[in-house]
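Computed from heavy atoms alone, side chains included, the values below leave out hydrogens, waters and symmetry copies.
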Amino acid sequence: MTQHLTLRRPDDMHLHLRDGAMLKGIIGESARHFARAIIMPNLVPPVVTANDAVAYRDRILGALPDGTDFQPLMTLYLTEATDPADVAFAHASGLVKAVKLYPAGATTNSASGVRDFDKVRAVLEKMAEIGLPLCVHGEVTDPTIDIFDREAVFIDRVLDPIRRATPGLRVVMEHITTSEGVAYARSGGDNLGATITTHHLIINRNHILAGGIRPHYYCLPVAKRETHRQALRQAATSGEARFFLGTDSAPHPDPLKENACGCAGCFTATNTLSILAHVFEEEGALDRLEAFTSCNGADFYRLPPNQTFLKLTKGDAVAYPNKIQTDAGAVTVFDPGFPLLWAVSD
Ligand code: NCD
Ligand code: ZN
């Protein structure tokens, strides 16, 4: 039985760090284990231009605890007014690693997202030309579509048409939650990748709704039925290069989660690696954990692999905090519902 594992330091290819007191309070949770992360731009107001991204990157670096070595990989929030030249400039300067597409109204802070996809055609064409990936929040916002079907419908109605209309566009399907998402990711070539979160490998929709409503398991895209969770586990542990970790760790202060209209987002930065080691061990795939956390994403983003390593050791249950206290309020850490036996150290 494997009790020790050396892991190339991982990258989180989908992370929400927020700003101000929340950023300061939670960034150490990611910097402790992760070398780099693709930073989501859905601030209020969003990170739209190269200048916005420079300023946000500087605030992130300024919030890092002393002695931590963590590289934020910046993204731009795609709006109908985004200028292709600004995107190309941000990419050429090495600052920006992706552009994020939120359909307007799909999730937290997405009001400035895209309504009319024809209006972003020139940006997408420029991105295809320069090889800059588009990270896609893949849910339709049509209120007549059932929330559990919004990912599958998005693939047919929006994602596939965009990819056909813009050959060569590199796309990351963010936080896929369905077997349809897994199948579509597999149907693409080297230009198509998909991130999978930690929590979607653990919870299905029963965890949110059975026996009482559990706001800390509510996120978008919402967790689906068990067959989909199984498809995600199979994909994540398959070793296939197209699938990689993006935690979508998304902190909200507890009062905004434990609320009559609670915010979407699970906070998994703190204990993600211990949870993933558990999942990969259960699936008999510990030898493929590193591909998922540390290699496939870097390859997709054409980044050099990290040259430092972590140790994972199986032993007594690891004591992670239930909450992270910040000056913006307490943030509940995702509870996987089982003891975490894999400890992470330098
Ligand atoms: C994210 C957030 O809180 O910013 N929430 C979530 O449920 N995942 C937004 C997002 O990625 O959809
Ligand atoms: Zn997200």
Side-chain angles (χ1 to χ4, degrees), residues 1-15 29-39 68-73 97-98 133 135 170 172-176 181-182 185-186 190 192-202 229-249 268-315 318 320 334 336 338-346:
M1 277 241 300
T2 309
Q3 301 292 329
H4 299 278
L5 211 65
T6 303
L7 194 74
R8 189 178 293 278
R9 197 171 272 269
D11 298 317
D12 183 350
M13 295 312 191
H14 182 131
L15 177 64
E29 300 304 300
S30 289
R32 189 177 300 126
H33 295 156
F34 291 93
R36 300 174 290 203
I38 293 277
I39 309 301
T68 40
D69 186 15
F70 175 81
Q71 193 189 353
L73 307 170
K97 300 297 180 204
C135 295
R170 311 188 68 233
V172 183
M173 301 171 68
E174 296 293 326
H175 42 51
I176 55 171
V182 169
R186 283 190 168 128
D190 292 351
L192 188 60
T195 58
I196 299 177
T197 75
T198 306
H199 51 283
H200 288 116
L201 299 174
I202 305 298
R229 186 181 75 103
Q230 291 302 335
L232 295 173
R233 282 173 81 105
Q234 199 280 330
T237 59
S238 68
E240 286 167 65
R242 69 186 89 246
F243 298 116
F244 43 92
L245 175 64
T247 65
D248 194 19
S249 184
T268 53
T270 307
N271 54 6
T272 272
L273 285 182
S274 295
I275 297 174
L276 291 175
H278 179 105
V279 167
F280 276 67
E281 185 180 35
E282 274 184 344
E283 300 291 332
L286 273 175
D287 57 331
R288 296 199 277 267
L289 178 61
E290 188 176 58
F292 182 67
T293 60
S294 320
C295 304
N296 296 348
D299 286 352
F300 186 90
Y301 280 101
R302 299 173 176 162
L303 300 167
N306 295 314
Q307 293 304 331
T308 54
F309 294 82
L310 295 174
K311 280 195 217 95
L312 295 182
T313 309
K314 193 174 177 190
V318 187
Y320 281 111
F334 177 77
F338 47 79
L340 292 171
L341 304 181
W342 286 94
V344 187
S345 57
D346 280 326

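- Applying the salt bridge (Lys or Arg N to Asp or Glu O under 4.0 Å) test to residues at least two apart or on different chains, the pairs with a partner in residues 274-285 are Arg233-Glu282, Arg233-Glu283, Glu281-Lys314.
- Between Phe244 and Phe300, a ring centre-to-centre spacing shorter than 6.0 Å is recorded.
- In this structure, the side chain of Arg36 does not engage the main chain of Asp11 through any donor-acceptor pair within 3.5 Å.
- In this structure, Phe292 and Ile196 approach most closely via the heavy-atom pair CZ-O, 3.7 Å.
- Here salt bridge (Lys or Arg N to Asp or Glu O under 4.0 Å) pairs that include residues 239-248, with residues two or more places apart or in two chains, are Arg186-Glu240, Glu240-Arg242.
- Under the side-chain contact (heavy atoms from CB on, under 4.5 Å) criterion, Leu340 pairs with Asn271, Ser274, Ile275, Tyr320, Pro336, Phe338, sequence neighbours left out.
- Between the side chain of Glu290 and the backbone N or O of Arg8, at least one donor-acceptor pair lies under 3.5 Å.
- Listed for the Asn306 side chain is no donor-acceptor partner under 3.5 Å among the backbone atoms of Thr308.
- Cation-pi geometry between Arg32 and Phe70 is not satisfied (NZ or CZ under 6.0 Å from the ring centre, within 45° of the ring normal).
- Contact record, Ala37 with Leu15: CB-CD2, 3.6 Å, taken as the closest heavy-atom pair.
- Side-chain atoms of Leu341 and His278, non-hydrogen and from C-beta on, never get closer than 4.5 Å to each other.
- Scanning for side-chain contact (heavy atoms from CB on, under 4.5 Å) contacts around Asp346 gives Arg9, Leu310, with sequence neighbours left out.
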(message) Pair Leu303, Met13 - check side chain to side chain contact (heavy atoms under 4.5 Å, CB included), show working.
(response) CA-CA 12 Å; Leu303 300 167; Met13 295 312 191; 4.2 Å; yes
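- When all heavy atoms of Leu201 and Ala236 are compared, the closest pair comes out as CD2-CB, 4.1 Å.
- In this structure, the side chains of Phe34 and Thr272 come closer than 4.5 Å at one or more pairs of heavy atoms.
- With sequence neighbours left out, the side-chain contact (heavy atoms from CB on, under 4.5 Å) criterion links Ala277 to Leu289, Leu312, Trp342.
- Here the shortest heavy-atom pairing between Pro10 and Ser294 reads CA-OG, 3.5 Å.
- Side-chain atoms of Ser249 come within 3.5 Å of backbone N or O of Ala269 as a donor-acceptor pair.
- Contacts of His175 classified as side chain to side chain donor-acceptor pair (under 3.5 Å), with partners at least two apart in sequence or in another chain: His137.
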(message) Could you walk me through whether Leu245 and Thr195 satisfy the side chain to side chain contact (heavy atoms under 4.5 Å, CB included) test, starting with their C-alpha distance in whole Å, then the side-chain angles of each, then the deciding distance to 0.1 Å, before giving a yes or no?
(response) CA-CA 5 Å; Leu245 175 64; Thr195 58; over 6 Å; no
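- Taking the side chain as every heavy atom from C-beta outward, Thr268 and Thr197 never approach each other to under 4.5 Å.
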(request) Could you walk me through whether Arg170 and Arg302 pass the side chain to side chain contact (heavy atoms under 4.5 Å, CB included) test, one step at a time? (result) CA-CA 12 Å; Arg170 311 188 68 233; Arg302 299 173 176 162; 3.5 Å; yes
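- Taking each heavy atom of Asn296 and Ala241 in turn, the nearest pair found is CB-O, 3.3 Å.
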